[in-house]
Amino acid sequence: MAAKPRFHKEAVTAPADRAKHPVDETLPPLKMFTSGLQHVAAMYAGVVAPPMILGPALGLTATETAFLMGASLFTAGIATLLQTLGFWKIGARLPFVNGVSFAGVTPMVAIGKAKGPEDALPVIFGAIIVAGVLGFLLAPYFCKLVRFFPPVVTGTVITLIGVSLLPVAFTWSQGGNAGADDYGSMTNIGLATLTLVIVLALRRMLRGFLQQIAILLGLVAGTLIAIPFGITNFAAIKDAGIIGFPTPFHFGAPQFEIAAIISMCIVMLVCMTESTADMLALGKIVDRPADERTIEGGLRADTLGTAISPLFNGFACSAFAQNIGLVAMTKVRSRFVVACGGGILILLGLCPVLASVIALVPLPVLGGAGIVLFGSVAASGVQTLATAALEKGENALIVATALGIGLIPIAAPTFYHAFPADALVILDSGISTGCLVAILLNLAFNHLGTRTGADQDGADASHVPDQPGAPLAEQAGTGAATH
């Protein structure tokens with residue numbers, strides 16, 4: 001009789017003794033901080049760029065624009081903590097970074113022109129709140145689209161994410177501002193090239209933890225090298241305050257107007273589409289495939305973060321694909337590292353002088369490192385496509401068409417210039433259009449109707465059975481099984 005309790009105790013405690021998945025591991029404090037800081041460095045420019053564009057377009061002063069930048073950092077930190085740590089059914093609990101979505105810039109500028117500088121931000125914030133709440137309510141239904149994301153679709157979308165981000169790195173490498181006198185100068189491009197070489201050299205020569213933070217070390221080295229050339233601007237530190245809390249409703253109480261709400265709801269759907277694709281990509285990279293429950297929690301974190309952001313003068317939140325590239329490159333999969341990065345973002349939002357230190361990194365330096373980061377995302381997409389059985393059925397045709405359409409905004413930025421402004425919210429995002437095309441073609445060729453013989457073999461590689469909640473690798477049939 002005495003043996004039974006002992007056996008029962010061992011049976012109960014055995015699962016707790018199992019090794020944690022790398023996503024759930026906590027790292028030593030120094031490694032946690034530096035790895036989190038590396039994520040912040042990779043995303044910083046992307047977070048502050050939308051308010052930097054929106055502020056002047058709405059006629060805001062430099063001080064007001066800086067306030068929006070701090071608010072964007074603060075709200076990005078909150079959204080990132082919601083994603084990584086989560087609570088209840090909120091959060092993907094993956095190393096998933098959230099920040100201000102570029103998809104909302106064009107419609108917000110349009111709203112500002114229609115309403116004037118005094119009412120623009122209150123109307124924008126009101127529309128974002130409604131869009132966030134609507135997205136939160138739709139998340140349980142939207143996440144069921146995961147069954148339509150087999151390798152032939154996810155691989156295409158992941159590749160598009162990486163390729164779509166590369167022009168951002170190229171623009172940074174040239175200096176960031178196309179109107180500047182030194183835009184595209186040999187100094188800027190040379191600095192970007194040197195940073196790229198340093199990152200690659202560090203990855204080749206270093207080992208262990210130092211190899212994992214090669215991007216951060218490369219950014220530091222590139223910034224130091226830029227100082228003699230006068231590219232590093234220290235004025236931001238001199239003018240920055242120590243404490244600057246983003247006062248709620250700093251620009252006035254939110255206003256709710258139907259046209260602006262419809263526009264931002266479309267943006268929210270675009271953000272949810274891109275976040276779904278990003279979660280699928282990240283799940284593959286960290287070896288924890290994203291199922292419906294994960295995507296539902298991630299979308300809830302996205303949309304809740306979006307609904308909360310306007311309270312602190314922030315904007316719509318969505319996934320930051322460049323940080324997925326950082327995870328793929330460094331192999332650091334702990335979500336607590338990204339949570340640490342979220343905490344750093346909140347501190348940057350509360351302390352402008354700290355934010356200005358990160359802002360010291362010149363855009364050409366970010367551009368050089370960005371080529372590696374964004375290219376890593378595209379490479380992950382190619383790896384996924386290798387499991388999609390492209391030699392069977394019409395899978396190669398699906399990939400070819402989706403990639404071609406998804407690359408239109410990159411290869412021909414003015415291609416849709418005659419279309420309505422609301423349509424451009426979707427069409428100007430190659431990720432969204434490519435994703436929709438891949439889904440529709442996969443449905444047409446691999447789901448609808450009956451197929452026999454060799455055609456059925458091709459369908460099996462891309463068809464996803466109706467198994468709500470099953471991991472992607474299990475749902476994706478033979479295509480995923482060979483991975």
Side-chain angles (χ1 to χ4, degrees), residues 41-62 65-66 68-69 72 99-103 105-106 108-109 112 162-200 215 218-239 320-322 325 355-375 378 407-417 424 428-430:
M43 71 178 293
Y44 180 88
V47 174
V48 300
M52 286 176 65
I53 297 170
L54 190 62
L58 299 182
L60 301 181
T61 65
T65 301
L68 282 181
M69 292 167 58
S72 296
V100 181
S101 172
F102 273 95
V105 173
T106 300
M108 288 191 294
V109 170
V163 174
S164 298
L165 286 170
L166 281 171
V168 176
F170 301 152
T171 300
W172 288 348
S173 297
Q174 296 176 85
N177 184 4
D181 294 336
D182 64 343
Y183 182 75
S185 67
M186 291 184 64
T187 300
N188 286 342
I189 295 177
L191 184 59
T193 303
L194 184 58
T195 302
L196 173 61
V197 171
I198 291 173
V199 170
L200 294 176
I215 293 287
L219 291 173
V220 173
T223 302
L224 293 176
I225 294 172
I227 293 176
F229 295 95
I231 300 177
T232 305
N233 184 9
F234 291 92
I237 294 181
K238 298 178 182 178
D239 299 335
F320 264 45
Q322 56 261 52
S356 64
V357 172
I358 300 294
L360 286 176
V361 181
L363 286 178
V365 174
L366 282 174
I371 291 174
V372 178
L373 291 175
F374 306 155
L407 289 173
I408 288 176
I410 301 172
T414 60
F415 188 85
Y416 299 112
H417 74 279
L424 294 180
D428 277 346
S429 171

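Values in this document were obtained by computation on a predicted structure and should not be read as measured data.
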Item to check | Least distance between heavy atoms, Val163 atom then Leu407 atom | outcome: CG1-CD2, 3.4 Å
Item to check | Thr171: side-chain contact (heavy atoms from CB on, under 4.5 Å) partners, not counting sequence neighbours | outcome: Tyr183
Checklist outcome for this item: Scanning both residues in full, the closest heavy-atom pair of Leu200 with Val372 reads CD2-CG2, 4.2 Å
Next on the checklist: Taking side-chain contact (heavy atoms from CB on, under 4.5 Å) as the definition, give me every residue that meets it alongside Ile227, ordered by chain and number, with sequence neighbours left out.
Outcome noted: Leu224, Thr232, Phe234
Next on the checklist: If the condition is side-chain contact (heavy atoms from CB on, under 4.5 Å), which residues does Ile225 pass it with, not counting sequence neighbours?
Outcome noted: Leu191, Leu194, Ile198, Phe229
Item to check | Beyond-backbone contact of Leu196 with Val199, side-chain heavy atoms, under 4.5 angstrom | outcome: no
Item to check | Separation of Asp182 CG from Gln174 CD (nearest 0.5 Å) | outcome: 11.0 Å
Checklist entry - Considering all heavy atoms of both residues, which atom of Leu68 and which atom of Pro51 are nearest to each other, and what is their separation? => result CB-CB, 3.8 Å
Next on the checklist: For Thr195 versus Gly222, what's the shortest heavy-atom pair and its separation?
Outcome noted: OG1-CA, 3.9 Å
Checklist entry - Below 4.5 Å, heavy atoms only, C-beta onward: do Ser173 and Pro364 meet side chain to side chain? => result no
Next on the checklist: Please find the pair of heavy atoms, one from Ala169 and one from Gly370, that lie closest to each other, and give the distance.
Outcome noted: CB-C, 3.8 Å
Item to check | Tyr416: ring pair (Phe, Tyr, Trp, His ring centres under 6.0 Å) partners, not counting sequence neighbours | outcome: Phe419
Item to check | Val365: which of Asn188, Leu219, Val220 passes side-chain contact (heavy atoms from CB on, under 4.5 Å) | outcome: Leu219
Checklist outcome for this item: Heavy atoms of Pro362 and Thr223 approach each other most closely as CD-OG1, 3.7 Å
